[in-house]
Peer 1: 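Here it is, the structure, as structure tokens.
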Amino acid sequence: MRIWVDGGLRTAETALVSVLDHGLTVGDGVFETVKAVRGRPFALTRHLDRLARSARGLGLAEPDADEIRRACAAVLDANPADLARLRITFTGGLSPLGSDRGDAPPTLVVALGATTRRPDSTAAVTVPWPRNERGAMTGIKTTSYAENVVALARATGQGATEALFANTVGALCEGTGSNVFVVLDGELHTPPLASGCLAGITRALVTEWSGARETELPFDILDRADEIFLTSTLRDVQAVHRMDGRALPTAPGPVTAKTMRVFDERSGAARDP
Ligand code: PLP
């Protein structure tokens with residue numbers, strides 16, 4: 001495994017970041033997960049734009065998009081795979097122990113992980129605590145993912161692969177690592193960004209390609225929706241066949257199945273939509 005760190009490729013054993021890196025000590029960093037198909041990153045421009053927006057949200061330096069493109073290409077060349085996930089991490093860099101930032105340059109790491117094509121459907125559960133739709137970090141993809149890790153571990157313990165959050169006013173928000181769509185009377189709906197969800201890239205493509213509406217939805221819509229599906233870089237479009245105790249036995253239903261087909265066709269035809 002070859003990893004990009006400190007401006008070049010290193011082996012896993014020599015790809016080192018300081019124990020004083022602010023990303024490690026206080027989660028002062030941002031990241032992207034990018035799908036790579038046959039050695040080519042998918043939707044890299046959108047991921048780089050979001051990484052830059054996230055870095056701005058934290059007041060980090062501007063990530064160097066050209067360096068990240070070079071790093072992604074080098075990592076993909078060094079680690080051939082049919083389907084893989086690129087992980088781009090960009091942090092506040094070396095700093096004193098504490099919350100204050102040092103003036104060292106940011107740290108950039110690009111690594112590659114394995115992934116597999118996800119099943120067409122999965123089980124999801126609800127999270128019993130809310131996502132804050134008005135926090136300073138709302139909508140920013142920071143490396144502080146502990147809340148998602150805890151919610152996902154809880155879901156795994158219940159035989160599910162995703163956990164869905166409501167926000168503080170009881171509206172449907174998103175999953176720990178995915179956006180959510182519901183079908184109501186044949187129409188596709190997804191929560192607006194004001195719900196506190198991440199501006200998912202798959203969410204944007206599905207909305208554009210399949211004409212979903214952004215609608216504020218009550219959390220208990222999950223008890224009534226005709227169809228439910230999740231979107232993310234690694235899931236693409238994935239139907240929900242069990243939502244908490246409720247079975248959705250026909251998942252993927254007709255609207256979800258059509259959305260999946262359109263997504264497969266359009267994303268297969270465009271490398272950087
Ligand atoms: N919401 C959260 C919290 C996420 O971590 C992710 C995945 O990164 C998503 C939504 C889906 O975003 P994308 O489609 O860009 O992968």
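Keep in mind it's a predicted model, so treat the numbers as computed, not measured.
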Peer 1: Looking only at side chains, do E147 and W129 share a donor and an acceptor under 3.5 Å apart?
Peer 2: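 The criterion, which ignores hydrogens and geometry beyond distance, is satisfied for W129 and E147.
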Peer 1: About how many Å separate NE2 of H47 and CD1 of I88, when rounded to the nearest 0.5 Å?
Peer 2: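 Nearest 0.5 Å value for the CD1-NE2 distance: 8.0 Å.
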Peer 1: So which heavy atom on C173 is nearest to which on P191, and how close?
Peer 2: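 Heavy-atom minimum between the residues: O-CG, 3.5 Å.
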Peer 1: Passes side chain to side chain donor-acceptor pair (under 3.5 Å), T259 versus T256? Steps please.
Peer 2: CA-CA 5 Å; T259 308; T256 306; 5.9 Å; no
Peer 1: If only atom types and distance count, is the side chain of D226 paired as donor or acceptor with the main-chain N or O of D185 below 3.5 Å?
Peer 2: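 Side chain of D226 to backbone of D185: a pair is present.
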Peer 1: Within the distance-only criterion (no hydrogens, no angle test), does the side chain of R131 pair as donor or acceptor with the backbone N or O of E174 below 3.5 angstrom?
Peer 2: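 Checking the backbone N and O of E174 against the side chain of R131, no donor-acceptor pair under 3.5 Å is found.
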Peer 1: Test E227 against T250 for side chain to side chain contact (heavy atoms under 4.5 Å, CB included), laying out the working first.
Peer 2: CA-CA 9 Å; E227 301 174 37; T250 56; over 6 Å; no
Peer 1: If you measure from CG on D28 to OG on S95, what distance do you get to the nearest 0.5 Å?
Peer 2: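 Spacing of CG (D28) from OG (S95) equals 7.5 Å.
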Peer 1: Between R101 and G59, is there a donor-acceptor pair closer than 3.5 Å when you use the side chain of the first and the backbone of the second?
Peer 2: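 A pair under 3.5 Å: yes.
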Peer 1: Is there a path from L97 to L94 through hydrophobic residues (I, L, V, M, F, W, Y) whose side chains come within less than 4.5 Å of each other?
Peer 2: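 In one cluster with L97: L94, yes.
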Peer 1: Hey, what do you get for CG (L112) to CG (L86), rounding to the nearest 0.5 Å?
Peer 2: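 CG of L86 is found 5.0 Å from CG of L112.
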Peer 1: Is it the case that the side chain of T231 and the backbone of T202 share a donor-acceptor pair, with hydrogens and angles ignored and the cut-off at 3.5 Å?
Peer 2: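 Judged by distance alone, no pair lies under 3.5 Å.
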Peer 1: Can you establish whether the number of heavy atoms outside E216 located under 6.0 Å from its atom CD is more than 12?
Peer 2: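 No, the 6.0 Å shell around CD holds no more than 12 heavy atoms from other groups.
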Peer 1: How close do L193 and A199 get, heavy atom to heavy atom, and via which atoms?
Peer 2: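 Taking every non-hydrogen atom into account, CD2-CA, 3.7 Å.
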Peer 1: Between S210 and T207, is there a donor-acceptor pair closer than 3.5 Å when you use the side chain of the first and the backbone of the second?
Peer 2: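 Flag not set: sc S210 to bb T207 has no pair under 3.5 Å.
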Peer 1: Please check: side-chain N/O of T138 versus main-chain N/O of N132, any donor-acceptor pairing under 3.5 Å?
Peer 2: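 Yes; at least one donor-acceptor contact below 3.5 Å.
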Peer 1: Check V255, V182, L188 against F229 for a side-chain contact (heavy atoms from CB on, under 4.5 Å) and give me the one that passes.
Peer 2: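 The single option meeting the side-chain contact (heavy atoms from CB on, under 4.5 Å) with F229 is L188.
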Peer 1: Which pair of heavy atoms, one from P63 and one from I68, lies closest together, and at what distance?
Peer 2: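 Scanning both residues completely, I find the closest heavy atoms to be CB-CD1, 3.8 Å.
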Peer 1: When you measure from the side chain of T91 to the backbone of G93, do you find a donor-acceptor pair of N or O atoms at a distance under 3.5 Å?
Peer 2: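 Yes; judged by distance alone, with no hydrogens or angles, the pair exists.
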Peer 1: Do F165 and F219 have ring centres separated by under 6.0 Å?
Peer 2: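 Judged by ring-centre distance (under 6.0 Å), F165 and F219 do not meet the cut-off.
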Peer 1: Does the distance from a Lys or Arg side-chain N to an Asp or Glu carboxylate O, for R70 and D66, drop under 4.0 Å?
Peer 2: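 Looking at R70 and D66, the cut-off is not met.
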Peer 1: Does the distance from a Lys or Arg side-chain N to an Asp or Glu carboxylate O, for D82 and R117, drop under 4.0 Å?
Peer 2: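 Not counted as a salt bridge, because no side-chain N and carboxylate O are separated by less than 4.0 Å.
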Peer 1: Within the distance-only criterion (no hydrogens, no angle test), does the side chain of T233 pair as donor or acceptor with the backbone N or O of K35 below 3.5 angstrom?
Peer 2: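 Between the backbone of K35 and the side chain of T233 there is no qualifying donor-acceptor contact (under 3.5 Å).
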Peer 1: Say whether Y145 and L152 are linked into one hydrophobic cluster, either directly or through other cluster members, by side-chain heavy-atom distances under 4.5 angstrom.
Peer 2: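 No.
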Peer 1: Please answer whether the main-chain N or O of R235 pairs with a side-chain N or O of S232 as donor and acceptor at a distance below 3.5 Å.
Peer 2: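 Here the side-chain-to-backbone pair exists.
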Peer 1: How long is the straight-line distance from OG1 of T143 back to CG of D21, given to the nearest 0.5 Å?
Peer 2: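 Atom-to-atom, D21:CG and T143:OG1 are 9.0 Å apart.
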Peer 1: For the residue pair A239 and M260, what are the closest heavy atoms and their distance?
Peer 2: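 Closest approach of A239 to M260: N-CE, 3.9 Å.
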Peer 1: List the atom of V127, the atom of R154, and the distance in Å for their closest heavy-atom pair.
Peer 2: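 Minimum heavy-atom separation between V127 and R154: CA-NH1, 4.5 Å.
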Peer 1: Test side chain to side chain contact (heavy atoms under 4.5 Å, CB included) on L230 and T122 and set out the steps.
Peer 2: CA-CA 9 Å; L230 310 172; T122 193; 4.0 Å; yes
Peer 1: Does S121 use its side chain to pair, donor to acceptor, with the backbone of V240 at less than 3.5 Å?
Peer 2: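 Checked: no pair found.
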Peer 1: Can you tell me if R38 has over 12 outside heavy atoms packed within less than 6.0 Å of its CZ?
Peer 2: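 No - once you tally the heavy atoms of other residues, nucleotides and ligands closer than 6.0 Å, there are 12 at most.
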Peer 1: Does R203 make a cation-pi contact with F181, if we ask for NZ or CZ under 6.0 Å from the ring centre and within 45° of the axis?
Peer 2: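 The answer is no, since R203 fails at least one limit relative to F181.
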Peer 1: Let me confirm one number: the CG-OG1 distance from L83 to T115, rounded to the nearest 0.5 Å.
Peer 2: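 Answer for the CG-OG1 pair, L83 versus T115, is 5.5 Å.
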Peer 1: Looking only at the side chains, is there a donor atom on one of E162 and S178 sitting less than 3.5 Å from an acceptor on the other?
Peer 2: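 S178 and E162 do have a side-chain donor-acceptor pair below 3.5 Å.
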Peer 1: Please find the pair of heavy atoms, one from E32 and one from L51, that lie closest to each other, and give the distance.
Peer 2: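 Distance-wise, the nearest heavy atoms are OE2-N, 3.7 Å.
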Peer 1: Can a donor-acceptor pair be found between the side chains of S195 and N167 at a distance below 3.5 Å?
Peer 2: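 The criterion, which ignores hydrogens and geometry beyond distance, is not satisfied for N167 and S195.
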Peer 1: Does L205 share a hydrophobic cluster with V34, counting links as ILVMFWY side-chain heavy atoms below 4.5 Å and allowing steps through other members?
Peer 2: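 Shared cluster, no.
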Peer 1: Does atom CZ of R246 have more than 12 heavy-atom neighbours from other groups under 6.0 Å away?
Peer 2: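 Enclosed.
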Peer 1: Out of curiosity, R242 CZ to I228 CD1, how far, rounded to the nearest 0.5 Å?
Peer 2: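 R242 atom CZ to I228 atom CD1 measures 12.0 Å (nearest 0.5 Å).
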Peer 1: Would you say that more than 12 heavy atoms from the other residues, nucleotides or ligands in this model lie under 6.0 Å from the CG of D103, or not?
Peer 2: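 Atom CG in D103 is not packed in, count stays at 12 or less.
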Peer 1: Name the one of V180, T190, L184 that satisfies side-chain contact (heavy atoms from CB on, under 4.5 Å) with L217?
Peer 2: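 Only match with L217 under side-chain contact (heavy atoms from CB on, under 4.5 Å): L184.
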Peer 1: So F42 and F263, would you call those rings parallel, tilted or perpendicular, with 30° and 60° as cut-offs?
Peer 2: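 Perpendicular.
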Peer 1: Do T11 and M1 pass the side chain to side chain contact (heavy atoms under 4.5 Å, CB included) test, and can you show the C-alpha distance, the side-chain angles, and the key distance before you say yes or no?
Peer 2: CA-CA 6 Å; T11 61; M1 169 60 65; over 6 Å; no
